[in-house]
Amino acid sequence: MSIHTKPLILGVSGASGLIYAVRALKFLLEANYTIELVASKSTYMVWQAEQNLRMPVESNQQEQFWRQQAGVEGLGKLYCHSWGNVGANIASGSFRTLGMIIMPCSMATVAKLAAGLSSDLLERAADVQLKEGRKLILVPRETPFSLIHLRNLTTLAEAGARIVPAIPAWYHNPKTIEDLVDFVVARALDQLDIDCIPIQRWQGRQD
């Protein structure tokens with residue numbers, strides 16, 4: 001049984017870098033969090049392009065798919081939602097959550113959120129977090145940023161969102177791709193006061 005009373009929303013947009021979402025899900029489920037997951041329509045194409053995998057369209061089949069990718073069976077709670085189900089629980093401000101993290105977050109998603117547009121469940125759920133004053137963490141995966149990107153990100157930061165670009169550090173002496181990814185995921189989860197990833201944190205220099 002989950003020890004955390006409120007669920008966390010994990011949004012996955014159509015940006016490159018699905019490994020960020022998979023690693024976040026792995027650690028969150030292992031820590032017995034309840035996750036409400038919603039993937040955008042474009043995510044299906046990214047799974048095909050990056051991993052040559054087909055993500056199930058049916059939300060009731062997606063739980064097994066995501067658990068298999070994360071390598072976690074039977075821990076935590078995972079509920080998957082169809083991108084078009086704007087009547088889902090996470091679309092309402094009366095549904096209480098710990099907040100939401102969108103990882104990876106495409107620039108199209110950033111632009112829509114900055115303009116207050118909610119064309120699917122992912123965008124609606126994020127808009128709800130902003131209007132309710134809850135935590136919204138965005139992990140953009142794009143380079144370079146255009147001026148339009150930067151202005152949209154600034155708008156969201158001014159509205160209360162936290163921006164955590166997918167930029168790893170090196171002081172923890174990473175040895176694998178997972179080490180680099182896990183650092184970014186851990187720093188994103190730090191914004192939600194969630195500490196469930198065993199990374200080497202900066203300890204300061206000795207004189």
Side-chain angles (χ1 to χ4, degrees), residues 2 7-91 95 97 100-113 117-129 136-143 164-166 168 176-182 184-185 188-189 196-197:
S2 175
L8 172 67
I9 304 173
L10 175 59
V12 187
S13 79
S16 180
L18 288 173
I19 189 174
Y20 290 105
V22 170
R23 296 295 287 181
L25 186 61
K26 165 185 167 61
F27 289 110
L28 288 166
L29 289 177
E30 288 179 341
N32 276 325
Y33 277 88
T34 297
I35 306 300
E36 303 277 348
L37 188 150
V38 55
S40 72
K41 186 177 181 180
S42 299
T43 307
Y44 297 86
M45 293 182 288
V46 178
W47 268 115
Q48 185 70 37
E50 291 190 349
Q51 300 294 331
N52 197 27
L53 292 174
R54 290 185 179 275
M55 185 176 74
V57 175
E58 297 77 9
S59 56
N60 59 354
Q61 295 180 12
Q62 284 187 22
E63 177 184 349
Q64 183 179 2
F65 174 84
W66 282 100
R67 283 188 177 275
Q68 287 176 343
Q69 302 312 309
V72 180
E73 298 290 341
L75 295 175
K77 293 182 179 179
L78 176 61
Y79 303 98
C80 296
H81 303 275
S82 170
W83 64 273
N85 184 15
V86 293
N89 52 6
I90 59 175
F95 184 72
T97 70
M100 180 177 184
I101 182 168
I102 304 179
M103 177 164 53
C105 186
S106 68
M107 289 300 102
T109 299
V110 165
K112 290 179 181 179
L113 295 180
L117 299 177
S118 299
S119 59
D120 63 17
L121 180 58
L122 187 151
E123 295 156 11
R124 170 58 185 172
D127 190 53
V128 166
Q129 306 310 302
L136 175 63
I137 317 303
L138 307 179
V139 182
R141 215 303 308 157
E142 183 63 90
T143 191
V164 184
T176 66
I177 291 176
E178 286 76 14
D179 290 340
L180 294 170
V181 170
D182 290 352
V184 172
V185 174
L189 293 180
C196 62
I197 301 179

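Keep in mind the model is a prediction, meaning the values are calculated, not measured.
The line from CG of L10 to CD1 of I137 is 12.0 Å long, rounded to the nearest 0.5 Å. Once rounded to the nearest 0.5 Å, the distance linking CE of M55 with CZ of F65 reads 6.5 Å. One finds the CG atom of L113 at 12.0 Å from the CZ atom of R124 (value rounded to the nearest 0.5 Å). In this structure, CD in Q62 is found 9.0 Å from CG in N60, a value given to the nearest 0.5 Å. Considering CG of L37 and NE2 of H81, their distance stands at 8.0 Å, rounded to 0.5 Å. Between atom NZ of residue K112 and atom CD of residue E123 there is a gap of 4.5 Å, rounded to the nearest 0.5 Å.
Residues V184 and P168 have side chains in contact (heavy-atom distance under 4.5 Å, counting atoms from C-beta outward). Proximity of V12 to V46: side-chain heavy atoms (C-beta onward) are nowhere separated by under 4.5 Å. Counting only heavy atoms from C-beta outward, the side chains of Q129 and I9 approach each other to under 4.5 Å. Looking at heavy atoms from C-beta onward, V72 lies out of side-chain contact with L28 at the 4.5 angstrom threshold. Put simply, the side chain of V128 does not reach to within 4.5 Å of the side chain of T97, judged on heavy atoms. The shortest side-chain heavy-atom distance between D127 and M100 does not fall under the 4.5 Å cut-off. Between Q51 and L18, the closest side-chain pair of non-hydrogen atoms is not below 4.5 Å.
D120 contributes no side-chain N or O that, together with a main-chain N or O of G84, makes up a donor-acceptor pair within less than 3.5 Å. Between the Q48 side chain and the Y44 main chain, no donor and acceptor come within less than 3.5 Å of each other.
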Quick one: do S82 and L121 satisfy side chain to side chain contact (heavy atoms under 4.5 Å, CB included)? Show the steps, please.
CA-CA 8 Å; S82 170; L121 180 58; over 6 Å; no
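Applying the side-chain hydrogen bond (donor to acceptor under 3.5 Å, both in side chains) rule to pairs touching residues 63-73 yields E63-R67, sequence neighbours excluded. Counting only residues at least two apart or on different chains, the side-chain hydrogen bond (donor to acceptor under 3.5 Å, both in side chains) pairs with a member in residues 14-23 are S16-E50, R23-D182.
With sequence neighbours left out, S106 forms a side chain to side chain donor-acceptor pair (under 3.5 Å) with T109.
More than 12 heavy atoms of other shown residues, nucleotides or ligands fall within 6.0 angstrom of atom CG in L117.
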